[in-house]
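Atoms within each ligand, like the ligands themselves, are counted from 1 in listed order. Predicted model, so just to flag it, every value in this text is computed and none were measured.
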Amino acid sequence: MKLILLGAPGAGKGTQAEIISKELNIPTISTGDMIREALKSGTEMGLKAKSYMESGALVPDEVVIGIVKDRIALDDCKNGFILDGFPRTIPQAEALDSMGVDIDLVLDIEVKDEVIVKRMSGRRVCEKCGKTYHTESKPSKIEGVCDVCTGALIQRKDDQIETVKTRLETYHKETEPLKDYYDAQGKLKIVVGKDTIEATKELVMAALK
Ligand code: AMP
């Protein structure tokens with residue numbers, strides 16, 4: 001299955017992508033994670049993306065389109081994949097279409113902005129392995145320490161409140177029009193995100209059937 005997860009930053013796409021990836025045994029392609037990785041390794045692309053990302057703006061289309069094109073050409077994508085955080089603009093969706101990628105389903109996880117702001121301010125990420133946590137809904141066993149690799153848990157710059165607000169504005173302006181784009185292709189399903197990961201998972205799994 002080739003699946004796109006749509007939704008505002010903080011709507012829970014990443015967590016649901018992890019779950020679906022295990023259930024269906026297909027990889028998740030998160031452009032946000034890939035850009036952060038490039039930034040950490042100090043590649044040219046990472047350096048280019050840094051200022052956009054930290055201010056809550058989108059990285060230029062041609063940069064992310066290039067990343068995704070290379071990634072989906074790899075062997076582990078031949079039985080399908082989950083796109084988490086891509087496409088985020090109409091030109092990105094058009095680029096995907098023109099690559100000949102036949103998307104089966106676009107799942108939009110809808111969560112109100114005020115809920116997102118609350119959620120994101122509690123988000124923590126392991127600086128070593130990248131695993132994500134939440135101070136309330138998905139805490140680590142020991143506060144501030146990653147369960148998996150004992151790395152330190154930090155708050156990403158782009159999860160800080162002012163940046164979150166900018167990211168939400170960017171989402172409404174640039175990404176939300178993709179709902180109509182995929183609805184017109186008959187591929188859109190909407191799931192209203194619930195308070196718990198488990199409850200949202202039930203709805204997501206039902207939508208995949
Ligand atoms: P995420 O972790 O998916 O919320 O992505 C974090 C940041 O990476 C975003 O705020 C953007 O700056 C950048 N980014 C990730 N995916 C894309 C994309 N498809 N298009 C443009 N920028 C992106």
Side-chain angles (χ1 to χ4, degrees), residues 2-18 20-21 27-41 43 45-72 81-99 101 103 106-111 113 115-117 119-127 129-134 138 153-179 181-182 193:
K2 296 188 180 101
L3 176 71
I4 291 174
L5 289 184
L6 267 187
K13 296 190 302 293
T15 309
Q16 296 301 326
E18 256 182 62
I20 302 167
S21 170
T28 297
I29 300 171
S30 157
T31 42
D33 284 351
M34 290 169 87
I35 297 168
R36 273 185 290 278
E37 204 47 54
L39 218 155
K40 231 163 104 184
S41 349
T43 66
M45 188 276 281
L47 293 176
K48 239 197 240 168
K50 188 176 177 7
S51 60
Y52 296 100
M53 198 165 186
E54 289 186 348
S55 69
L58 294 181
V59 171
D61 285 335
E62 63 274 17
V63 176
V64 264
I65 289 167
I67 300 176
V68 170
K69 195 170 182 182
D70 291 347
R71 180 63 187 87
I72 60 180
F81 47 78
I82 305 159
L83 289 174
D84 165 19
F86 182 94
R88 254 174 157 107
T89 64
I90 297 280
Q92 290 178 18
E94 287 170 347
L96 200 57
D97 284 345
S98 63
M99 284 174 215
V101 178
I103 296 295
V106 178
L107 210 56
D108 175 45
I109 303 179
E110 301 232 321
V111 176
D113 283 9
V115 176
I116 285 177
V117 170
R119 274 188 191 174
M120 286 174 88
S121 53
R123 188 143 88 173
R124 298 292 179 270
V125 58
C126 173
E127 63 178 357
C129 75
K131 187 165 173 63
T132 54
Y133 297 86
H134 193 280
K138 196 183 168 191
L153 303 187
I154 54 159
Q155 183 178 43
R156 277 170 17 193
K157 254 198 193 126
D158 60 347
D159 281 342
Q160 288 166 8
I161 193 107
E162 281 317 309
T163 319
V164 169
K165 287 185 177 157
T166 310
R167 291 174 74 193
L168 284 170
E169 275 167 29
T170 307
Y171 167 75
H172 290 301
K173 193 165 149 245
E174 309 269 5
T175 309
E176 219 169 8
L178 289 176
K179 286 199 265 177
Y181 182 89
Y182 286 115

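Looking at residues two or more places apart in sequence or on another chain, you find a side chain to side chain contact (heavy atoms under 4.5 Å, CB included) between Ile90 and Glu94, Pro177, Leu178, Tyr181. Applying the salt bridge (Lys or Arg N to Asp or Glu O under 4.0 Å) criterion to Arg71, with sequence neighbours excluded, gives Asp76.
In summary, Arg167 and Asp159 engage in a salt bridge, as defined by a charged side-chain N under 4.0 Å from a carboxylate O.
Between Met34 and Ile29, the shortest heavy-atom contact is SD-CG2, 3.9 Å.
Distance check, rounded to the nearest 0.5 Å: CD1 of Ile67 to OG1 of Thr31 gives 7.0 Å.
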Contacts table for residues 50-59: side-chain donor-acceptor under 3.5 angstrom, sequence neighbours left out:
from: Lys50; atom 1: NZ; to: Glu54; atom 2: OE2; distance (Å): 3.3
from: Ser55; atom 1: OG; to: Ser51; atom 2: O; distance (Å): 3.2
from: Ser55; atom 1: OG; to: Tyr52; atom 2: O; distance (Å): 3.0

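Contact residues of ligand 1 (protein heavy atom closer than 4.0 angstrom to a ligand atom; sorted by chain and number): Thr31, Gly32, Ile35, Arg36, Met53, Ala57, Leu58, Val59, Val64, Gly85, Phe86, Arg88, Gln92, Arg156, Asp158, Arg167.
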